[in-house]
Amino acid sequence: MALGVVGTGFGRTGTLSLKSALEQLGLGRCYHMVEVAPNRHSALWHEAYRSGGVADWDALFAGFSCTVDWPSTAFWRQITSHYPHARVIHTERPADAWYESVRNTIYQVMTRELPPETPDAFRQQLAMAKDAILQGTFGGRFEDRAHAISVYQAHNARVKREIAPERLLVVQPGEGWEPLCKFLGVPVPTTPYPKVNTTEDFLGRLGDGANALRPKGGA
């Protein structure tokens with residue numbers, strides 16, 4: 001099964017809401033960071049990171065028809081090239097709001113001491129995420145706000161510059177079903193567009209041990 005949709009937005013730009021939306025539209029299963037540990041994929045992503053983006057993408061995405069969020073976003077060039085017919089959805093939000101959201105959520109998980117009961121699969125996922133995101137994406141300087149925001153803005157600009165306009169949809173949280181459904185050529189659902197894994201949701205799980213690593217519904 002070839003991917004039909006590739007999301008290129010950084011985490012905390014509505015990516016888990018987009019995952020839920022794509023699945024509700026009947027596009028099949030959508031990959032996201034929340035799929036890494038349950039599928040025991042941490043080692044595969046680690047190897048992709050260490051090899052500079054070399055991976056058996058068809059095997060890694062077996063059973064999925066879409067992908068969004070990290071870790072796949074770190075390899076957006078390789079993945080969009082491997083699936084040249086896939087549509088590309090780029091999620092973004094104002095830079096300051098994005099930085100605060102990451103700092104208050106996933107950054108807290110990646111830098112805190114894990115509780116003893118954390119399963120090995122999630123420990124491995126966290127180690128991979130630290131390498132691919134904190135080191136590979138932000139060069140170990142996420143706490144440098146200006147640097148992190150410049151990385152985020154440069155990424156957004158590269159995607160919009162390098163992906164053909166007819167293949168690309170750029171959306172921000174809150175725009176709802178209409179632009180997405182028009183782009184994909186599918187009917188607009190009567191149900192509200194998903195809004196899951198808000199900062200409040202995430203912080204509510206931070207006090208619940210390893211469950212902070214398992215979003216129930218990420219933005």
In plain terms, say whether Lys19 and Glu35 are close enough for a salt bridge, that is, a side-chain N and a carboxylate O under 4.0 Å apart.
yes
Linked, directly or transitively: Val88 and Val171 (ILVMFWY side chains, under 4.5 Å):
no
Count the heavy atoms belonging to other residues, nucleotides or ligands that lie under 6.0 Å from CD of Gln24, then report whether that count exceeds 12.
yes
Under 3.5 Å side-chain donor-acceptor pair for Gln135 and Tyr49:
no
Does the Ser101 side chain pair with the main chain of Trp98, one donor and one acceptor, at a distance under 3.5 Å?
no
Is Val159 reachable from Val151 through a run of hydrophobic residues whose side-chain heavy atoms are each under 4.5 Å from the next?
no
Please report the interatomic distance CZ(Phe64) to SG(Cys30), rounded to the nearest 0.5 Å.
8.5 Å
Beyond-backbone contact of Trp45 with Leu60, side-chain heavy atoms, under 4.5 angstrom:
yes
Backbone N/O of Gly11 and side chain of Thr15: donor-acceptor pair under 3.5 Å
no
Nearest heavy-atom neighbours spanning Met128 and Pro71:
SD-CB, 4.0 Å
Pairing residues for Asp56 by the side-chain hydrogen bond (donor to acceptor under 3.5 Å, both in side chains) criterion, not counting sequence neighbours
none
On a heavy-atom basis, the closest approach of Ala121 and Ala37 is O-CB, 3.8 Å
For Gln153, enumerate each residue passing the side-chain contact (heavy atoms from CB on, under 4.5 Å) test, keeping only those at least two apart in sequence or located in another chain.
Ala95, Ile149
Hydrophobic clustering (ILVMFWY, side-chain heavy atoms < 4.5 Å, transitive) - are Val68 and Leu27 grouped together?
yes
Does the side chain of Tyr99 pick up a donor-acceptor pair with the side chain of Asn104 at under 3.5 Å?
no
Inter-residue atom distance Thr111.OG1 - Ile106.CD1, 0.5 Å rounding
10.5 Å
How long is the span from the CE atom in Met33 to the CD atom in Gln125, to the nearest 0.5 Å?
5.5 Å
Before giving the answer on salt bridge (charged side-chain N to carboxylate O under 4.0 Å, His left out), spell out for Lys160 and Glu92 the whole-Å C-alpha distance, their side-chain angles and the decisive distance to 0.1 Å.
CA-CA 11 Å; Lys160 288 181 277 191; Glu92 62 180 31; 3.2 Å; yes
Roughly how far, to the nearest 0.5 Å, is CG of Leu18 from OG1 of Thr13?
8.5 Å
Applying side-chain contact (heavy atoms from CB on, under 4.5 Å), name anything that partners Arg158, two or more places apart in sequence or on another chain.
Trp76, Arg77, Ala154, His155, Arg161, Glu162
Closer than 3.5 angstrom, by distance alone: can the side chain of Thr137 be matched with the main-chain N or O of Leu134 as a donor-acceptor pair?
no
Between Val6, Val5, Leu168, Val170, which is the residue that forms a side-chain contact (heavy atoms from CB on, under 4.5 Å) with Ile89?
Val5
Tell me which donor-acceptor pairs under 3.5 Å the side chains of residues 176-190 have, and how far apart each pair is, sequence neighbours excluded?
{"unit_1": "Trp177", "atom_1": "NE1", "unit_2": "Thr191", "atom_2": "O", "d": "2.7"}

Considering only heavy atoms from C-beta outward, does the side chain of Arg87 approach that of Leu169 to under 4.5 Å?
no
Gln78 and Val54: side-chain contact (heavy atoms from CB on, under 4.5 Å), yes or no, with the steps?
CA-CA 8 Å; Gln78 293 91 335; Val54 177; over 6 Å; no
Same cluster or not: Tyr152 versus Ile163, using hydrophobic residues (I, L, V, M, F, W, Y) connected whenever any side-chain heavy atoms lie under 4.5 Å apart?
no
Partners passing salt bridge (Lys or Arg N to Asp or Glu O under 4.0 Å) against Arg167 (at least two apart in sequence or in another chain)
none
Partners meeting side-chain contact (heavy atoms from CB on, under 4.5 Å) with Asp144 (sequence neighbours left out):
Arg141, Ala146, His147
Treating Thr118 as the side-chain partner and Pro115 as the backbone partner, does any N or O pair qualify as donor plus acceptor under 3.5 Å?
yes
Distance in Å, Gln172 CD paired with Thr91 OG1, rounded so as to fall on 0.5 Å steps:
9.5 Å
Ionic contact status for Glu100 with Arg93, cut-off 4.0 Å
no
Take Phe61 and Ile79 through the side-chain contact (heavy atoms from CB on, under 4.5 Å) test and state the conclusion after the steps.
CA-CA 10 Å; Phe61 291 120; Ile79 295 170; 3.9 Å; yes
Taking atom NE2 of His32 and atom OG of Ser17, what is their separation to the nearest 0.5 Å?
8.5 Å
Could Arg50 and Glu47 be called an ion pair, given the rule that one side-chain N must be under 4.0 Å from one carboxylate O?
no
Do Leu44 and Val36 sit in the same hydrophobic cluster, where Ile, Leu, Val, Met, Phe, Trp and Tyr count as joined when their side-chain heavy atoms come under 4.5 Å apart?
yes
Residue from Tyr83, Phe75, Tyr31 passing ring-ring contact (aromatic ring centres under 6.0 Å, His included) with Trp57
Phe75
Ala21 to Tyr193 - nearest heavy-atom pair and separation
CB-CE1, 3.5 Å
Any donor-acceptor pair under 3.5 Å linking the side chain of Thr73 with the backbone of Gly9?
yes
